[in-house]
Amino acid sequence: MESIINKINHLKRKKNALVIAHNYQLPEIQKVADIIGDSLALSREIANVGENIIIFCGVKFMAESAKILSPDKKILLPVKNALCPMADMIKAEKLKEYKRNNPDSKIVCYVNSSMEVKAESDICVTSSNAVKIVNSLDAKKILFVPDKNLGNYVKNQTNKEVITYNGYCPTHERVNKSHVKRMKNKHPLALLLVHPECDYDVLKEADFIGSTSQIINYANKSKNKKFIIGTEKGVLYKLKKDNPNKEFILLDNNLICEDMKKITLKDVLNALENEEYEIKVDNSISKKALKSLTNMLNKSL
Ligand code: 13P
Ligand code: SF4
């Protein structure tokens with residue numbers, strides 16, 4: 001393992017490349033990453049870095065957003081088929097049809113969506129800014145796609161009419177209120193920190209709801225010593241690293257996103273050596289998707 005890490009570090013320097021990783025990536029990937037974060041932080045960071053080659057350790061929609069925001073950089077996804085199943089739950093054609101039938105709605109799309117769906121939307125959101133952005137919109141009626149759970153979470157915090165689509169994250173859908181009950185009984189002093197991709201029955205029981213980085217920041221600042229974590233297992237790496245004297249228990253052992261776990265150190269090395277797999281985007285669609293992404297970034301400064 002040491003030799004592969006040395007090779008990665010050597011190639012990063014030689015090629016002026018940067019490895020960035022989402023909070024759900026395997027611990028060994030987070031260890032070689034130069035930047036780790038949630039979806040919003042990663043979208044923002046890439047535009048500000050000097051390196052021209054970015055090894056994006058995450059899933060395809062994230063690497064695609066990076067390419068749209070930084071078209072002059074070479075964005076490499078180390079594994080071709082690291083996809084987000086939720087992002088594929090809505091197609092642009094379906095959204096176009098809804099827009100034709102509801103010209104008075106604003107379309108808000110979670111960044112976990114395809115470039116084509118972003119292109120048909122008015123604005124993107126991430127789990128860290130969705131409520132703030134929906135509340136700031138000059139519209140009474142909102143269609144929120146594709147995540148019904150994040151959509152419902154937003155709906156409960158706004159006076160606007162929010163219509164949700166029926167997409168969901170298969171990983172976060174694995175937990176329900178019975179998991180919460182069991183874990184709270186077992187660990188009565190622990191605080192429950194959850195991601196808004198969980199069902200509303202789980203969110204109702206939470207002490208804190210936020211994006212992956214917001215969960216990590218909350219735990220870092222909290223005086224509590226024990227936490228039940230309702231999001232993907234990958235966040236435990238940073239939580240434990242930042243807080244060696246606190247205890248973190250996953251709400252359920254099945255909270256693992258298979259796609260987020262596809263990238264290995266060998267794949268990162270291959271990406272650096274052979275500069276694959278490069279993210280390519282269609283110019284006209286990418287221009288429209290860029291508008292939705294920059295609308296979001298401008299509102300969340
Ligand atoms: P955040 O890191 O923005 O919370 O996103 C979670 C997620 O599921 C990404 O796919
Ligand atoms: Fe998609 Fe869920 Fe995996 Fe995130 S955790 S990439 S939303 S499937």
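Computed from a prediction, not measured in an experiment: that's the story for all the values here. Counting starts at 1 for both ligands and their atoms, in listed order.
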- Query: Does any N/O atom on H172 come nearer than 3.5 Å to any N/O atom on ligand 1?
  - Reply: no

- Task: Give the residue and atom name of whichever protein heavy atom lies nearest to atom 5 (O) of ligand 1, and the separation in Å to one decimal.
- Result: S39 OG, 3.3 Å

- Task: With the side chain counted from C-beta on, respond yes when S43 and L69 share a heavy-atom pair under 4.5 Å apart, and no when they do not.
- Result: yes

- Query: Does D199 come within less than 4.0 Å of K177, counting only side-chain N to carboxylate O?
  - Reply: no

- Relative to the heavy atoms of M86, which atoms of ligand 2 are at a distance of less than 4.0 Å? 7 (S)

- Could you tell me whether E275 and K74 have a side-chain N and a carboxylate O separated by less than 4.0 Å? yes

- Task: May I ask you to decide whether K280 forms a salt bridge with E278, counting only side-chain N to carboxylate O separations under 4.0 Å?
- Result: yes

- Query: Does at least one non-hydrogen atom of H22 fall below 4.0 angstrom from an atom of ligand 1?
  - Reply: yes

- Looking only at heavy atoms, the pair that brings N149 and E197 closest together is ND2-O, 3.0 Å

- Task: Using the rule that two of Ile, Leu, Val, Met, Phe, Trp, Tyr join whenever any of their side-chain heavy atoms come within less than 4.5 Å, decide whether I133 and V145 are in one cluster.
- Result: no

- Do me a favour and list the nearest non-hydrogen protein atom to atom 6 (C) of ligand 1 with residue, atom name and distance? H195 NE2, 3.3 Å

- Do me a favour and list the nearest non-hydrogen protein atom to atom 7 (S) of ligand 2 with residue, atom name and distance? N112 ND2, 3.1 Å

- Query: Relative to the heavy atoms of C169, which atoms of ligand 2 are at a distance of less than 4.0 Å?
  - Reply: 2 (Fe), 5 (S), 7 (S), 8 (S)

- Message: Less than 4.0 angstrom from a charged side-chain N to a carboxylate O is my criterion; do K99 and E120 meet it?
- Response: yes

- Message: Heavy-atom contact check, 4.0 Å cutoff: does N112 meet ligand 1?
- Response: yes

- min-distance protein heavy atom vs atom 8 (O) of ligand 1 -> E197 OE2, 2.9 Å

- Side-chain ion pair, R174 and E258, N-O less than 4.0 Å: yes

- At what distance is the nearest protein heavy atom to atom 9 (C) of ligand 1, and which residue and atom is it? M62 CE, 3.5 Å

- Message: At under 4.0 Å between heavy atoms, is it the side chain or the backbone of E197 that contacts ligand 2, or both, or neither?
- Response: side chain

- Message: Does the residue S127 have a heavy-atom contact with ligand 1, meaning some pair of atoms that are separated by less than 4.0 Å?
- Response: yes

- For N135 and T158, does a side-chain donor sit closer than 3.5 Å to a side-chain acceptor? yes

- Message: Show me which atoms of ligand 1 lie under 4.0 Å from any heavy atom of S211.
- Response: 4 (O)

- Message: Within the 4.5 Å heavy-atom criterion, are L293 and C124 side-chain neighbours or not?
- Response: yes

- For ligand 1, is there an atom lying under 4.0 Å from some heavy atom of E232? no

- Query: Within C257, is some N, O or S atom less than 2.8 Å away from atom 1 (Fe) of ligand 2?
  - Reply: no

- Note on the structure: Checking heavy atoms under 4.0 Å, the part of D38 that sits near ligand 1 is both

- Query: What is the nearest protein non-hydrogen atom to atom 1 (Fe) of ligand 2, stated with its residue, atom name and distance?
  - Reply: C84 SG, 2.4 Å

- When distances are taken from atom 8 (S) of ligand 2, the protein heavy atom at minimum range is P85 CD, 3.4 Å

- Using a 4.0 Å heavy-atom cut-off, say whether V59 meets ligand 1 through its side chain, its backbone, both or neither. neither

- Query: Going by heavy atoms, is F61 under 4.0 Å from ligand 2?
  - Reply: no

- Lys/Arg-Asp/Glu bridge criterion (N-O < 4.0 Å) met for K96, E93: yes

- Query: Got a salt bridge between K261 and E232, using NZ or NE/NH1/NH2 to carboxylate O under 4.0 Å?
  - Reply: yes

